[in-house]
Number of protein chains: 2
Amino acid sequence: MARDLDIRVAIIEDDETIREGYAYLIGNTPGYKVTGAYPSYEDAAKKIAHDDPDVLLLDVELPGISGIEALPKLKKLLPETYILILTVYEQEELIFRALGGGASGYLTKNTPHEKIISAIHEVMEGGGPMSAHIARMVISSFKRNEETPLTKRETEILEHISTGKSRKRIAQELFIDLETVKSHIKNIYHKLNVHSKADAIKTAKDNKFI
Amino acid sequence: MARDLDIRVAIIEDDETIREGYAYLIGNTPGYKVTGAYPSYEDAAKKIAHDDPDVLLLDVELPGISGIEALPKLKKLLPETYILILTVYEQEELIFRALGGGASGYLTKNTPHEKIISAIHEVMEGGGPMSAHIARMVISSFKRNEETPLTKRETEILEHISTGKSRKRIAQELFIDLETVKSHIKNIYHKLNVHSKADAIKTAKDNKFI
DNA sequence: TAAAGTTCCGACAGTTTGGGGGATATTGTA
DNA sequence: TACAATATCCCCCAAACTGTCGGAACTTTA
């Protein structure tokens, strides 16, 4: 008994118990409707575009093509659908690959049922639902290291270098002499204990100096 | 009548009505305690370290030193304190500067009172509370552009270039010939319609190809 | 007032860069 | 299966860039 305004939700999750659990939960929540529930990307691929879901709950560990790998393919099949990752994994690399691949949210599987419903609602309203710990990791990824040995000017110049600009061009953009830029770079290399552009950039990024 | 286990909250907010409103809200919530409420960074600087707050609610638009500029200074005064930004502004640049400066959360001022309380609780529990729209912007900043004209290999090589590595080094790391790297770069430049490393990196980053 | 930071100077060998012209496999897919 | 796209490799060249050496003067800040 579908209503026109129901939020249409699809699920890709290999564990049958979990999948049916979610389907039951969502199907029995007023205003939400399950349009399809699949155990793998391969199974979903054929029919999911026809389901026309508003939101897709996607597991990352799937048999065959993993959820992460399936993400860009699903995005192409469903350009208008919000994809929420639902997983037990909290590894940084996985999270950032998922967000880079077009996920609009990232929930861990210990998320209480009512939170899953509210996350679906939230993503429809322009939000970006994340589990608390995930959100912390995402925020931390932006945090600069205040303990930098580099001065403001040195940091600024290293930032320019990391964009691939030549020293000459940096000098022009900062309205200083080429020699000054060279001098700063000399000091940067000493402080970071490196002997090349690439190593300086790597050290600085690893330590969040830039 | 402070209890030992109360969460200690400080506030820096120039608007008196809002400041007192928050102070009243938090002070009257069991388990929370206001240790100080200041209209500016300058006012707070003298006393806030002595307050020893667990969480600091910080406005970004302050008279004198702005909240954003005050962030690193406050971090030094209060290394253990979680800082939550509370502001009407939702500009990308401001958000990322705040998170880069060490903020642990970012709330807009239309946040309902109970959400402010739960955000304070959440940050104490290892979370990263954000308003829905902020979270969406943060997530979007990671999203890659699937419409890239570059092939996988070209993208990979451009990524290496953006770390400052020389072509020779890239060739070594990818176990291919220097000439192959040059060939890929030639194609990348053609596709992106640029004539230098710096321009290629800029175009690719602007368009989220890398 | 010291110390730290920013600015500028010159010379050198070696490396990198961007552009030109190709060729040959391997892939994916229509 | 055949075509287009991709990935690999080859040669040549001039110009520009890089990293290091060893300075010096001026300004800001603690």
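Computed from heavy atoms alone, side chains included, the values below leave out hydrogens, waters and symmetry copies. Convention: sequence-line order gives letters A, B, ...; per-chain numbering from 1.
- A side-chain donor-acceptor contact under 3.5 Å links B/S131 to the backbone of B/T108.
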Point to revise | nucleotides 25-30 of chain D: protein proximity per nucleotide (B base, S sugar-phosphate only, - neither; heavy atom, under 4.0 Å) | key: ------

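- The interatomic distance linking B/L178 (CG) with D/dC9 (C1') rounds to 11 Å, in whole Å.
- Residues satisfying the side chain to side chain contact (heavy atoms under 4.5 Å, CB included) criterion with B/R136, sequence neighbours excluded, are A/Y82, A/V123, B/S140.
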Just list the side-chain donor-acceptor pairs under 3.5 Å for residues 44-59 of chain A, sequence neighbours left out, or say none.
residue	atom	partner	partner atom	Å
A/D51	OD1	A/Y38	OH	3.4
A/D51	OD2	A/Y38	OH	2.4
A/D54	OD2	A/R8	N	2.8
A/D59	OD1	A/K109	NZ	3.3
A/D59	OD2	A/K109	NZ	3.4

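- Residues satisfying the side chain to side chain contact (heavy atoms under 4.5 Å, CB included) test with B/E125, not counting sequence neighbours, are B/H121.
- Residues B/D14 and B/R19 approach most closely at O-NH1, 3.3 Å, considering heavy atoms.
- Between the P atom of D/dA5 and the CG atom of B/L150 lies a distance of 15 Å, rounded to the nearest Å.
- Taking a heavy-atom distance under 4.0 Å as the criterion, the stretch of DNA chain C touched by chain B extends 5' to 3' from C/dT16 to C/dG21.
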Check your understanding: Under the side chain to side chain contact (heavy atoms under 4.5 Å, CB included) criterion, do B/L192 and B/L158 qualify, and how do the steps go?
Key -> CA-CA 11 Å; B/L192 300 187; B/L158 190 49; 4.1 Å; yes

Review point. For B/K75 and A/E146, what are the C-alpha separation, side-chain angles and deciding distance, and is it a salt bridge (charged side-chain N to carboxylate O under 4.0 Å, His left out)?
Key: CA-CA 9 Å; B/K75 265 279 154 195; A/E146 309 290 340; over 6 Å; no

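- Contact record, A/P39 with A/D43: CG-OD2, 3.6 Å, taken as the closest heavy-atom pair.
- For A/K73, the NZ atom sits in a loose shell: 12 or fewer heavy atoms of surrounding residues, nucleotides or ligands are nearer than 6.0 Å.
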Donor-acceptor list for residues 60-71 of chain A side chains, cut-off 3.5 Å, not counting sequence neighbours:
residue	atom	partner	partner atom	Å
A/S66	OG	A/I68	N	3.4
A/S66	OG	A/E69	N	3.2
A/S66	OG	A/E69	OE1	3.1
A/E69	OE1	A/S66	N	3.1

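- Both A/E179 and B/E179 lie near DNA chain C, and the one whose nearest nucleotide falls closer to the 5' end is A/E179.
- A/K33 contributes no side-chain N or O that, together with a main-chain N or O of A/D6, makes up a donor-acceptor pair within less than 3.5 Å.
- Listed by first and then second residue, the side chain to side chain donor-acceptor pair (under 3.5 Å) pairs involving residues 172-181 of chain A are A/K165-A/E173, A/R169-A/E173 (not counting sequence neighbours).
- Across all non-hydrogen atoms, the minimal contact from B/A135 to A/G128 is CB-O, 3.3 Å.
- For residues 123-171 of chain A, the ring pair (Phe, Tyr, Trp, His ring centres under 6.0 Å) pairs, not counting sequence neighbours, are A/F142-B/F96, A/F142-B/F142.
- Checking the phosphate oxygens (OP1, OP2) of D/dT6, no side-chain nitrogen or oxygen of B/T151 falls inside 4.0 Å.
- If you check residues 181-210 of chain B against DNA chain C, the residues with a heavy atom closer than 4.0 Å are B/K182, B/K186, B/Y189, B/H195, B/S196, B/K197, listed by number.
- The nearest whole Å value for the distance from the CD1 atom in B/I176 to the P atom in D/dC9 is 6 Å.
- For the segment residues 157-173 of chain A, no residue has any heavy atom less than 4.0 angstrom from an atom of DNA chain C.
- Applying the ring pair (Phe, Tyr, Trp, His ring centres under 6.0 Å) test to pairs two or more places apart or on separate chains, none has a residue in residues 180-210 of chain B.
- Bending across the helix from C/dT1-D/dA30 to C/dA30-D/dT1, expressed as the angle between its end axes from five pairs apiece, amounts to 80° (10° rounding).
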